[in-house]
Protein chains: 4
Amino acid sequence: MITIDSRSSKPIYEQIIERVKENIIKGILKPGDKLPSVRELASIITINPNTISKAYNELERMKAIEVIRGKGTFVAESFKPIMDEEKLKEIKEHMKNIIIEAHYVGVDKDKLIDILNEIYREF
Amino acid sequence: MITIDSRSSKPIYEQIIERVKENIIKGILKPGDKLPSVRELASIITINPNTISKAYNELERMKAIEVIRGKGTFVAESFKPIMDEEKLKEIKEHMKNIIIEAHYVGVDKDKLIDILNEIYREF
Amino acid sequence: MITIDSRSSKPIYEQIIERVKENIIKGILKPGDKLPSVRELASIITINPNTISKAYNELERMKAIEVIRGKGTFVAESFKPIMDEEKLKEIKEHMKNIIIEAHYVGVDKDKLIDILNEIYREF
Amino acid sequence: MITIDSRSSKPIYEQIIERVKENIIKGILKPGDKLPSVRELASIITINPNTISKAYNELERMKAIEVIRGKGTFVAESFKPIMDEEKLKEIKEHMKNIIIEAHYVGVDKDKLIDILNEIYREF
DNA sequence: GTGGTCTAGACCACA
DNA sequence: GTGGTCTAGACCACA
């Protein structure tokens, strides 16, 4: 369910965050579902537990998951998008950079929208 | 022409690369145009020359600019998009992450396409 | 394993790149093998770590080695020659120059092919 | 007759040396032939005269050309290869590096010998 | 412990 | 004046 690319320049803890969020959005993980414990996940994907911990902590801060003491970690019950101006600006920045990179491999606006639609279809 | 956001977590040399590419795409920098010399740009944006050098070197590797010995650095004459499977996969990855992040601030597909179109309009 | 000729006009970081590639081709370094860390190698050959870093970065770009975050640097698992027209042209250029230089020290075609065969035998 | 690639990382003066030697080996320039004067050549290929001068000086040191005061520069009358141990070692080094580079673009021994033969045929 | 980024500063070849 | 190489040293994120 969660696959890590150790060769990626993207930190492992960020990869975990993304995979968990992706699974939630895709409905593979539903509100109330229990996540594997830190140690469990660490042994499954053979990653240092500290790294899993860091990912879970960030996910909790984002209200994507909830830690219930003594019971475990669960997908948050109610998902309310939090409109965050800073975050929105960041997204625009990232999109601009994608557009620039796309241009340099010969991907134009229409092809980029195709890619975007394709990814949404997978969700 | 080239502005750096020192609060950004993105390395300075990467910011320079992006700004130069952006200026080329927007036509602000045209093929054959001379870029400021390493030392010049370093003093303009008060960054260490080594950092500028690193950015210029990567831009040269990407064939976006050309270094002519003892004369300076110039926007490459011929821009040919290089279709790179790896790079394309990377772009898709980035796009997927943007979509995930967008979802968490309540930005849906249509709004994201709006943002994309808006950025293209600036180019 | 890696020796530097400080009298050579060839930059140190390029010498390191060549020695590493040579060791990989000779099988002294095998896929998955760990390379000495940047600091380790720096202290072994008494070279500044930045210089080692530069060499390792170029080797990574060439897909000869892989950097795994926080763990170290390893010989790439899968070696796939990348057919690169530019690089091939460069090789021909170099070969032409060798032939010209050889002529001026009285080394003819047959002797040059002997030299070539001799080097291949060492690999 | 002499073409320069200003984008090459190879210094212009070295490129001139190589082209002149190449022309001599190919017989395009014969012993006793007059070379263009420094200023002439400088204006033909629009290069700084100092750069031409440097190339001619090195060619003279190698006994490939001769400067006759007040008359001009000529291809040396008698070509005697000078067996130079240092130079030979250098050639072997270069050959080794070519072999390493060739391996990384998928060019094996036989193909490399083909390339070598092909270049000799042009001479 | 691992590599990545950045600064300050020196020296050099080349044009 | 131009970029390239190298050193010394600091700080940082990641695992």
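Just so it is clear, the values below take in all heavy atoms, side chains as well, and ignore hydrogens, waters and symmetry mates. Naming: A, B, ... by sequence-line order, numbering from 1 per chain.
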Take atom CZ of C:Arg61 as the centre, draw a 6.0 Å sphere, and report whether it contains more than 12 heavy atoms from other residues, nucleotides or ligands.
->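 Above 12, so yes.
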Heavy-atom count around B:Lys63 NZ within 6.0 Å, excluding the residue itself: above 12?
-> no
Spacing between [X] atom [atom1] and [N] atom [atom2], to the nearest angstrom:
X	N	atom1	atom2	value
B:Ile52	F:dG3	CD1	P	11 Å
B:Glu60	F:dG4	CD	C1'	11 Å
B:Arg61	F:dG4	CZ	C1'	14 Å
C:Leu41	F:dT7	CG	P	12 Å
C:Phe74	E:dG1	CZ	C1'	12 Å
C:Gln15	F:dT5	CD	P	13 Å
B:Glu66	F:dG4	CD	P	13 Å
B:Glu58	E:dC6	CD	C1'	15 Å

Could you say whether C:Ile68 or B:Pro49 is positioned toward the 5' end of DNA chain E, judged by the nucleotide with the nearest heavy atom to each?
-> C:Ile68
Partner set under side chain to side chain contact (heavy atoms under 4.5 Å, CB included) for C:Val67, not counting sequence neighbours | C:Glu60, C:Thr73
Roughly how far, to the nearest 0.5 Å, is the NZ atom of D:Lys54 from the CG atom of D:Leu59?
-> 13.0 Å
Quick one: is B:Ser37 getting a side-chain N or O under 4.0 Å of the F:dG3 phosphate, OP1 or OP2?
-> yes
Should A:Val105 and B:Pro81 count as side-chain neighbours, where that means a heavy-atom distance under 4.5 Å?
->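 Answer no - side chains too far apart.
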What are the atom names and distances for every N/O pair under 3.5 Å that joins the protein to nucleotides 11-15 of chain F?
from   : atom 1 : to      : atom 2 : distance (Å)
F:dC14 : OP1    : A:Tyr13 : OH     : 3.2
F:dC14 : OP2    : A:Lys54 : NZ     : 2.8
F:dC14 : O3'    : C:Arg69 : NE     : 3.4
F:dA15 : OP1    : A:Ile12 : N      : 2.6

According to the interplanar angle, ranging from 0 to 90°, do the rings of C:Phe79 and D:His103 count as parallel (below 30°), tilted (30 to 60°) or perpendicular (above 60°)?
-> parallel
Hey, does the Lys NZ or Arg CZ of B:Lys21 hover above the aromatic six-ring of A:Tyr104, less than 6.0 Å from the centre and inside 45° of the axis?
-> yes
Please step through salt bridge (charged side-chain N to carboxylate O under 4.0 Å, His left out) for the pair C:Glu22 and C:Lys26, ending with a clear verdict.
-> CA-CA 6 Å; C:Glu22 192 182 333; C:Lys26 288 183 173 170; 2.8 Å; yes
Intra- and inter-strand pairing of DNA chain E, written as dot-bracket with Watson-Crick and G-U pairs under 3.5 Å and | for the latter, reads ||||||||||||||.
Of the options C:Thr51, C:Asn57, C:Ile52, which is the one that meets C:Val38 in a side-chain contact (heavy atoms from CB on, under 4.5 Å)?
->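 For C:Val38, the side-chain contact (heavy atoms from CB on, under 4.5 Å) test succeeds with only one of C:Thr51, C:Asn57, C:Ile52, which is C:Ile52.
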